[in-house]
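Scroll down for the structure; my scribbles are underneath it.
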Amino acid sequence: MNEIDIKTNSRKAWFLAARPKTLSGAAVPVMIGTAFALKDTVTGHILIIPAILCFLFAFVMQIDANFINDYFDGLKGNDCRSTRLGPKRACTEGWITFPRMKTGIIITTVLACMIGLPLIIYGGFWMVAIGVLCVLFCFLYTTRLSYLGLGDILVLVFFGIIPVCLTYYLEMPAITRRITVEVLLASIACGLVIDTLLIVNNYRDRDNDKKDGKKTLVVRIGERNAERLYLLEGLLAILIMICILVNHTLWYTSSEWKIAFSVALLILYGTLHCHTYLMMKKINHGKELNRILGMNARNIFLFGLIAAISAILI
């Protein structure tokens with residue numbers, strides 16, 4: 001898509017600023033939480049309204065986070081057109097002016113809060129605290145915490161543990177509402193898989209981040225250890241899901257073919273993850289690593305589908 005085709009503050013500009021390819025990271029945790037809720041309900045019926053609200057909240061918060069990242073990194077000059085290796089950013093490219101992006105951030109933040117507010121009916125007033133934490137995470141990640149190498153921990157918490165567990169909790173009938181060990185483990189696996197996307201981003205930008213004083217985890221541990229961590233996160237997520245399957249088999253009656261099918265699907269994800277890892281190591285530097293982002297997004301969505309299918313099957 002040529003820059004000349006994009007008018008300032010146009011619909012196309014806002015569409016690109018929303019970064020639709022990143023929305024799989026928002027959908028996967030809610031999808032996994034919903035699948036485990038379907039598995040654990042006695043009647044097989046979950047609460048539909050909380051399910052819809054959780055999906056909408058996750059999508060809007062992801063777009064909000066993208067706008068915030070675009071705005072503040074643009075102000076700091078981190079998205080310099082001459083040195084940036086990643087996909088182009090709306091503010092830096094002039095597709096969206098800074099004042100309009102600021103307005104966009106206000107709108108998406110308020111919209112996310114409005115979507116999340118009815119969840120108080122199902123989860124109580126502590127849902128307000130969770131919503132505030134999510135909003136703070138969006139702002140603090142870009143403005144402060146990513147510079148301290150804490151981004152990966154935040155991804156594990158806010159793209160794994162919180163959305164998976166909260167989705168599950170809210171969708172369950174009130175009489176059986178709780179967080180099981182299986183769901184907690186699945187949420188950790190989800191967070192690990194989604195964090196691989198952040199590792200690829202920071203792996204690509206490691207040289208520029210060093211110059212800017214941005215001490216991401218990749219900068220702190222070095223490129224070789226970052227490659228190993230990338231591989232380990234995907235494999236550990238597979239191991240966690242297999243442990244869930246084995247544990248369920250020990251305590252409940254499950255068809256052998258269903259367990260075997262789920263394990264085969266996890267092996268498929270593992271194969272693609274290892275291939276992506278090898279490609280990342282081979283490319284190593286430069287804009288060509290953006291290819292890995294696309295491959296990794298595919299892997300994340302596939303893992304979400306596999307985890308959801310496995311939960312429903314068992």
Side-chain angles (χ1 to χ4, degrees), residues 18 20 22-66 107-135 137-138 157-191 193-194 241 244-245 248 252 254 258 262 265 297 300-314:
T22 66
L23 295 183
S24 63
V28 165
V30 181
M31 183 165 58
I32 292 175
T34 299
F36 274 87
L38 284 168
K39 175 182 81 71
D40 289 342
T41 50
V42 177
T43 60
H45 297 292
I46 60 172
L47 300 180
I48 299 299
I49 293 178
I52 295 172
L53 291 175
C54 284
F55 270 108
L56 290 176
F57 181 80
F59 282 131
V60 176
M61 283 304 301
Q62 179 64 60
I63 294 171
D64 190 38
N66 292 339
I107 291 172
T108 49
T109 302
V110 171
L111 181 60
C113 292
M114 290 175 62
I115 292 170
L117 193 60
L119 291 174
I120 294 174
I121 299 171
Y122 303 93
F125 280 96
W126 67 279
M127 292 292 103
V128 175
I130 296 294
V132 170
L133 283 176
C134 290
V135 173
F137 159 69
C138 283
V157 173
F158 286 94
F159 282 89
I161 296 172
I162 287 180
V164 174
C165 291
L166 197 61
T167 297
Y168 174 86
Y169 180 82
L170 292 170
E171 292 178 0
M172 291 290 287
I175 195 171
T176 57
R177 191 168 287 161
R178 74 219 185 280
I179 305 291
T180 66
V181 174
E182 283 185 352
V183 172
L184 180 59
L185 288 173
S187 72
I188 293 172
C190 177
V193 168
I194 292 178
M241 291 305 301
I244 292 173
L245 293 171
H248 198 276
Y252 305 98
S254 295
K258 292 180 179 180
S262 296
L265 289 177
I300 290 172
F301 189 71
L302 178 63
F303 179 85
L305 281 177
I306 291 171
I309 291 170
S310 298
I312 293 172
L313 281 179
I314 63 177

What's the spacing between [X] [atom1] and [Y] [atom2] if we round to 0.5 Å?
X	Y	atom1	atom2	result
Thr22	Ile300	OG1	CD1	10.0 Å
Phe57	Cys134	CZ	SG	4.5 Å
Leu166	Ile179	CG	CD1	7.5 Å
Leu53	Ile48	CG	CD1	11.5 Å
Thr109	Ile63	OG1	CD1	11.5 Å
Ile306	Leu265	CD1	CG	5.0 Å

For the pair Thr41 (side chain) and Leu38 (backbone), establish whether a donor and an acceptor sit closer than 3.5 Å, ignoring hydrogens and angles.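 Yes; at least one donor-acceptor contact below 3.5 Å.
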For Ser310, give me all partners under side chain to side chain donor-acceptor pair (under 3.5 Å), at least two apart in sequence or on another chain.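 Scan of Ser310 (side chain to side chain donor-acceptor pair (under 3.5 Å), adjacent residues dropped) gives Ser262.
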Can you see which heavy atom on [X] is nearest to which on [Y], and at what distance?
X	Y	answer
Phe55	Ala27	CE2-O, 3.9 Å
Ile32	Ala186	CG2-CB, 4.2 Å
Phe159	Pro163	C-CG, 3.6 Å

Can you tell me if Leu133 has over 12 outside heavy atoms packed within less than 6.0 Å of its CG?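 Yes, the 6.0 Å shell around CG holds more than 12 heavy atoms from other groups.
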Would you say [X] and [Y] make side-chain contact, with heavy atoms under 4.5 Å?
X	Y	value
Ser187	Leu184	yes
Leu170	Met127	yes
Tyr168	Glu182	no
Tyr122	Ile49	yes
Met61	Phe158	no

